[in-house]
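Letters A, B, ... mirror the listed sequences (proteins, then strands); counts begin at 1.
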2 protein chains.
Amino acid sequence: MAHDEQTGVMDVFIARCRANGLKITPQRMAIYRSILGSVDHPSADAVYRKIRTEHPTISFDTVNRTLLKFAEIGVIRTVESHSGVRRFDPDTAPHHHMHCLQCGEIIDFCDRDLDAVPVPEAVLNQFDVFAKRVVISGLCLKCAREGGVKRES
Amino acid sequence: MAHDEQTGVMDVFIARCRANGLKITPQRMAIYRSILGSVDHPSADAVYRKIRTEHPTISFDTVNRTLLKFAEIGVIRTVESHSGVRRFDPDTAPHHHMHCLQCGEIIDFCDRDLDAVPVPEAVLNQFDVFAKRVVISGLCLKCAREGGVKRES
DNA sequence: GTTACTGCAAAGGCTTTGCAGTCTG
DNA sequence: CAGACTGCAAAGCCTTTGCAGTAAC
């Protein structure tokens with residue numbers, strides 16, 4: 001990511017916070033910068049452990065509360081998960097998920113055709129649609145090689 | 001549901017258990033029958049509370065363990081969730097979800113066109129696909145009426 | 001009779017809440 | 001300076017684990 005692009009992203013972030021009445025603190029800047037660089041879908045704990053290397057005094061609670069706040073104002077998202085642990089997604093652009101039933105990994109992928117699938121009119125009538133995504137469940141290559149899940153087809 | 005149809009469903013269920021080496025117990029029968037009648041996506045606790053009215057002596061642990069076992073052998077599914085509480089889905093046929101960001105409700109809907117969306121070849125090459133579903137995020141009518149979420153577009 | 005399941009209890013993990021001190025605007 | 005944020009600690013849920021007794025096959 002080029003330096004001016006990074007600056008631009010942070011400017012948008014700051015404007016977004018201000019627009020929602022959130023104060024700009026060093027912790028929030030660090031947390032946002034950290035999660036922006038994540039390609040996976042980290043849990044609050046994963047973000048905490050990563051950020052701790054640069055900001056040893058930050059607390060887990062601040063990280064967790066901040067991530068929830070960010071999700072609330074829409075600068076990040078929470079992703080659907082089967083594991084019982086909440087995970088966050090810094091990518092708010094439309095994209096889709098492959099979800100491994102064995103290891104729980106969630107892998108992003110993009111596809112213009114899937115982006116374009118129409119929302120049925122019946123849904124539009126009874127729901128205020130913000131976003132849509134295709135979620136594919138199955139096994140990642142690694143887990144498939146290791147023998148798959150215990151399941152009858 | 002007609003009586004013979006109900007019987008048929010239970011027969012399939014029993015055969016499925018036997019094929020996976022699971023014993024048929026009154027608890028398992030009751031739990032399966034209970035969740036079959038659910039149109040929502042109950043948590044283990046919800047199933048427990050519902051089943052308790054008919055089987056006051058059943059324990060929460062049995063319900064929870066049984067639901068996990070059922071999901072393992074594929075007679076039910078777990079659904080992706082944002083809330084941190086695991087939820088189960090008795091409907092193993094392909095269908096899609098509307099997910100309310102405010103109240104967390106997950107509403108099923110069916111759509112032939114969405115069932116038919118093709119999985120990209122790039123995904124097929126790096127993933128063993130079991131199922132796919134379209135997940136629509138937004139607000140249900142009730143929550144939309146109550147003012148929606150705090151979020152900047 | 002053997003193997004697996006149930007129910008109870010305890011432990012474990014993640015998330016949420018309350019509060020005093022501190023910092024942003 | 002006022003209101004909001006941070007960090008610490010404790011409490012709250014939900015889920016998982018171990019074990020003895022019991023039931024299915």
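Distances shorter than 4.0 Å separate none of the side-chain N or O atoms of A/Thr25 from OP1 or OP2 on C/dT24. Taking 4.0 angstrom as the limit, B/Gln27 places a side-chain polar atom (N or O) nearer than this to OP1 or OP2 of C/dG7. Close to C/dT16, at under 4.0 Å from its OP1 or OP2, lies a side-chain N or O of A/Arg86.
The backbone N or O of A/Arg87 sits nowhere less than 3.5 Å from a side-chain atom of A/His41 that would complete a donor-acceptor pair. Of the possible polar contacts, none joining the B/His95 side chain to the B/Asp108 backbone as a donor-acceptor pair under 3.5 Å is found. Judged purely by atom type and a 3.5 angstrom limit, A/Asn20 has no side-chain atom pairing as donor or acceptor with the backbone of A/Leu22.
Protein atom CZ of A/Arg65 is 7 Å distant from nucleotide atom P of D/dT6, rounded to whole Å. Distance NE2 (B/His55) to C1' (C/dT6): 14 Å, rounded to an integer number of Å. Counting to the nearest Å, the P atom of D/dT6 and the CG atom of A/Asp61 are 11 Å from each other. If you take CZ of A/Phe60 and P of D/dC5, they are 18 Å apart, rounded to a whole angstrom. The nearest whole Å value for the distance from the CG atom in B/Asp45 to the C1' atom in D/dG12 is 14 Å. If you take NZ of B/Lys23 and C1' of C/dT2, they are 7 Å apart, rounded to a whole angstrom. At whole-Å resolution of the value, CG in A/Leu22 and P in C/dC23 are 19 Å apart. Distance, B/Arg28 CZ to C/dA4 P: 11 Å, rounded to whole Å.
The side chain of B/Thr62 sits closest to C/dG7 out of C/dA9, C/dG7, D/dT6. Out of C/dT17, D/dT16, C/dT15, the shortest distance to the side chain of A/Asn64 is found at C/dT15. Considering only the side chain of B/Ile24, D/dC25 comes nearest among D/dC5, D/dC25, D/dC8. Each of C/dG7, C/dC14, D/dG7 was ranked by its minimum atom distance to the side chain of A/Val85; first place goes to C/dC14.
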Checklist line | Test log, rule side chain to side chain contact (heavy atoms under 4.5 Å, CB included), inputs A/Met29 and A/Ile14 | finding: CA-CA 8 Å; A/Met29 294 286 278; A/Ile14 290 172; 4.0 Å; yes
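Within the 4.0 angstrom heavy-atom criterion, only backbone atoms of the sugar-phosphate kind lie near B/Leu68; the bases stay farther away. Among the protein residues, B/Ser43 comes within range of no part of the nucleic acid, since none of its heavy atoms lies under 4.0 Å from any strand.
For A/Arg18 against C/dG25, no side-chain N or O and base N or O form a donor-acceptor pair under 3.5 Å.
One side chain, A/His97 or A/Glu80, offers a donor N or O that lies under 3.5 Å from an acceptor on the other.
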